[in-house]
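By convention here, the first residue in the shown sequence is residue 1. Here the structure is a predicted model, which means the values were calculated and not measured. When a ligand or atom number is given, it counts from 1 through the structure's own listing order.
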Amino acid sequence: MKIAILGGDGFVGWPTALHLSDLGHEIHILDNLSRRWIDTELGVQSLTPMDSIQERTRIWHAETGRRIRFHLIDLARDYEILKAWLGEHRPEAIIHFAEQRAAPYSMKSDRHKRYTVNNNVNATHNLLNALVEVELDAHLVHLGTMGVYGYSTIGAAIPEGYLPVGIETLGGETVRQEILYPTRPGSIYHMTKSLDQILFQFYAQNDGLRITDLHQGIVWGTHTEQTRRHVQLINRFDYDGDYGTVLNRFLIQAAIGYPLTVHGTGGQTRAFIHIQDSVRCIELALKDAPKRGDRVRIFNQMTETHRVRDLAELVAEMTGAHIAWLPNPRKEAAENELVVRNDQFLALGLDPITLREGLLAEVVDVARRYSYRVDRSRIPSVSAWTREIANLVEHDPEHRGLRSA
Ligand code: USQ
């Protein structure tokens, strides 16, 4: 299959490109390299040394004989170029990762909020619009987030995208419907993914676009089968307070002897998935495309749920690390339960990789190998959700101590 991977230079995009290329698909990466620019803006770098995208694809070709083509296109801005590219190349499937994906980055300032909304919403809308204009019936697979649902449950499992409801008519009968699960984003970033859902609903209904939306949990791990093959195929690995995600951060912190940065009580429960399963899920979703006229297909792309403090305690036990209980820079429930359905991927044959010591230890090993690249001052999360929270965090002695550590 000819597949366009939008955002194929990123943390999940790159291993997906390799995984699908390895399966024999013709892969085209479209990317504006914005993630690399954000590293420059923030003054941080991936823990792992990453080569240019051109160099990465050259190494992949040398290793496997397979070509991955790279096209420098900004989806949010270069609408005409995107449209011309789609019209000329006519991929059969498109995987859309091309969005700013960090919640803390999206909450840093008014500029970052505007950037995240402009970039993410325009990228998605430009893509949908262009597909209609060039009459391309490609299967669009989008990387969404579990965060569109919010995380609190009322003792019921979060279904896969749709909620069955009964509405009482004026005549007193009950009409049954399935509606998009009510969205409750907890950051500007998560809000853009909620807006994406509405765009998808409209274009599927109005233009018959075939769309799959993957509501992914927090990805952990760094290697996949393909990124292990050569040191220059290595994936990016974020540890900083904006882009590093919780479990990977704890593992890196443990590796360099830094306290594990638990926000609040650590009672937040979240959904997780290993990066190897993430790329496998995309492969499975590609094989199960909706038909023209179908509603958007939604999968919950996660394999297990964990409480943040349990993860910290697990990592502390494994490595002897110390836990720092910090004021939470985010506005989120201090404690929540989370039960999520993921029956569809299990039915398609996903055999989940769950948290286990060997894989956790592998991340610690990678982190130790590259620990000389860590700037410890970039580890604390300083993006606060509101001005009041910023004040609290700023004046907290433990947080101050870490920032100057
Ligand atoms: N947290 C800590 N300490 C840290 C970092 C995070 O306690 O050092 C806490 C946060 O306060 C939050 C939880 O861990 O309660 C998760 O934070 P995160 O940064 O790991 O994940 P999040 O901001 O939710 O975003 C990540 C990805 C995003 C993806 C999302 C899936 O960056 O692209 O969509 O996970 S989900 O969380 O299921 O919405």
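- For the pair Y151 and ligand 1, the shortest N or O to N or O distance falls below 3.5 Å.
- What sits closest to atom 30 (C) of ligand 1 on the protein, heavy atoms only, is T145 OG1, 3.8 Å.
- For ligand 1, the atoms closer than 4.0 angstrom to any heavy atom of T261 are 2 (C), 3 (N), 4 (C), 7 (O), 8 (O).
- Distances from ligand 1 to the non-hydrogen atoms of Y189 include at least one value under 4.0 Å.
- At least one cation-pi condition fails for R56 and F70: the charged atom is not both under 6.0 angstrom from the six-membered ring centre and inside a 45 degree cone around its axis.
- Contacts of K193 with ligand 1, taken as heavy-atom pairs under 4.0 Å, are absent altogether.
- Checked by atom type and distance alone, the side chain of E160 pairs as donor or acceptor with a backbone atom of N300 at under 3.5 Å.
- Here F11 has no heavy atoms under 4.0 Å from ligand 1, in either its backbone or its side chain.
- Protein heavy atom closest to atom 7 (O) of ligand 1, with residue, atom name and distance, is H263 N, 2.9 Å.
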Run the side-chain donor-acceptor check on residues 323-331: report pairs under 3.5 Å with partners two or more places apart or on a different chain.
{"residue": "N328", "atom": "OD1", "partner": "R330", "partner atom": "N", "Å": "2.9"}
{"residue": "N328", "atom": "ND2", "partner": "E332", "partner atom": "OE2", "Å": "2.7"}

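- In summary, the side chains of D22 and Q226 do present a donor paired with an acceptor at a separation below 3.5 Å, with no hydrogens or angles considered.
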Q: Would you sort out whether E63 and H61 count as a side-chain hydrogen bond (donor to acceptor under 3.5 Å, both in side chains), showing the intermediate values?
A: CA-CA 5 Å; E63 280 291 302; H61 179 245; over 6 Å; no
Q: Evaluate the side chain to side chain contact (heavy atoms under 4.5 Å, CB included) criterion for residues H71 and H28: first the C-alpha distance (whole Å), next the side-chain angles of each, then the deciding distance (0.1 Å), finally the verdict.
A: CA-CA 7 Å; H71 311 267; H28 294 261; 2.9 Å; yes
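- If you check which protein heavy atom lies closest to atom 26 (C) of ligand 1, you get T245 CG2, 3.8 Å.
- With a 6.0 Å cutoff to the six-membered ring centre and a 45° limit on the axis angle, R376 does not count as a cation-pi contact of Y258.
- Residue contacts with ligand 1, taken as heavy atom pairs separated by less than 4.0 Å, involve R330 solely via side-chain atoms from C-beta onward.
- Close approach of ligand 1 to A103 is summarised as follows: ligand atoms under 4.0 Å from at least one heavy atom of the residue are 23 (O).
- Not a single heavy atom of G266 lies less than 4.0 angstrom from ligand 1.
- By the 30° and 60° cut-offs, the orientation of the rings of H142 relative to H96 is tilted.
- Of all protein heavy atoms, the one closest to atom 16 (C) of ligand 1 is I218 CD1, 3.6 Å.
- Contact atoms of ligand 1 toward Q268: 11 (O), 15 (O) (distance under 4.0 Å to a heavy atom of the residue).
- The existence of a salt bridge linking D288 and R297 is confirmed by a sub-4.0 Å separation between a basic side-chain nitrogen and an acidic carboxylate oxygen.
- Put simply, the side chain of R66 gets close to the backbone of S21: a donor and an acceptor are under 3.5 Å apart.
- Close to ligand 1: H190, with a non-hydrogen atom less than 4.0 angstrom away.
- Side chains of H19 and T16: no donor on one and acceptor on the other come within 3.5 Å.
- Atom 33 (O) of ligand 1 has its nearest heavy-atom neighbour, among E332, R101, K331, in R101.
- Listed by atom number, the atoms of ligand 1 under 4.0 Å from Q216 heavy atoms are 31 (C), 38 (O).
- Under the 30°/60° scheme for interplanar angles, the aromatic rings of H274 and W220 are found to stand perpendicular.
- The protein atom (non-hydrogen) at minimum distance from atom 38 (O) of ligand 1 is M146 CB, 3.2 Å.
- Contacts between V308 and ligand 1, counted as non-hydrogen atom pairs separated by less than 4.0 Å, involve the side chain only.
- For the pair V246 and ligand 1, the shortest N or O to N or O distance falls below 3.5 Å.
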